[in-house]
Enquirer: 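I have a structure here, written as structure tokens, and I will follow up with some questions on it.
What you are looking at is a predicted structure, and each value in this text was computed from that prediction instead of being measured.
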Amino acid sequence: MDLRISEHREITIPQEFLDRSGLRPNDEVDITPTERGLLISKSPVKRDAIESVYGCWGSGGNTDDYMNEVRGR
């Protein structure tokens, strides 16, 4: 299969490849140079700062409880 790079440096990836790879619109990808060309792979899911700490204090509690705990009250 031959693909072309557009004037805007874009490549359209055929739907069958997207389906097989699990890529969806707006997914971020990594491009890695290899001896045989370029390897395109899905980027790991990045969590924002809130998601990274959500639930780390266990169940229950609220912000006031946490602040009291941090302050030693």
Side-chain angles (χ1 to χ4, degrees):
M1 171 175 298
D2 292 329
L3 301 175
R4 293 179 189 253
I5 299 173
S6 76
E7 291 180 25
H8 300 287
R9 299 182 186 144
E10 298 171 328
I11 299 172
T12 300
I13 301 173
Q15 188 65 47
E16 69 178 275
F17 292 118
L18 295 175
D19 293 342
R20 286 176 34 191
S21 66
L23 290 171
R24 298 171 40 125
N26 298 314
D27 279 349
E28 292 186 15
V29 296
D30 293 325
I31 299 177
T32 307
T34 69
E35 290 182 16
R36 297 185 64 200
L38 298 175
L39 171 65
I40 300 173
S41 57
K42 190 173 185 175
S43 294
V45 175
K46 296 176 184 170
R47 299 179 346 176
D48 66 28
I50 300 299
E51 288 178 341
S52 67
V53 297
Y54 180 79
C56 67
W57 296 296
S59 60
N62 57 37
T63 307
D64 292 329
D65 294 338
Y66 170 71
M67 293 306 293
N68 288 330
E69 182 179 334
V70 169
R71 293 176 179 152
R73 295 182 186 164

Enquirer: Distance from Glu28 atom CD to Ser41 atom OG, nearest 0.5 Å?
Expert: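 Rounded to the nearest 0.5 Å, the CD-OG separation comes out at 12.0 Å.
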
Enquirer: Identify all side-chain donor-acceptor contacts of residues 2-15 below 3.5 Å with residues at least two apart in sequence or on another chain.
Expert:
{"residue": "Ser6", "atom": "OG", "partner": "His8", "partner atom": "N", "Å": "3.1"}
{"residue": "Ser6", "atom": "OG", "partner": "Glu10", "partner atom": "N", "Å": "3.1"}
{"residue": "Gln15", "atom": "NE2", "partner": "Asp19", "partner atom": "OD1", "Å": "2.8"}

Enquirer: Quick one, Val29 and Leu23 - any side-chain contact, counting heavy atoms below 4.5 Å?
Expert: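 In short, these two side chains touch, coming nearer than 4.5 Å.
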
Enquirer: Does Asn26 have any side chain to side chain contact (heavy atoms under 4.5 Å, CB included) partners at least two apart in sequence or in another chain, and if so, which?
Expert: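 Residues passing side chain to side chain contact (heavy atoms under 4.5 Å, CB included) with Asn26: none at all.
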
Enquirer: Pro33 and Leu38: which non-hydrogen atoms are nearest, and at how many Å?
Expert: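 Scanning both residues completely, I find the closest heavy atoms to be CA-CD2, 3.9 Å.
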
Enquirer: Working to the nearest 0.5 angstrom, can you tell me the gap between Asp27 CG and Lys42 NZ?
Expert: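 One gets 4.5 Å once the value is rounded to the nearest 0.5 Å.
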
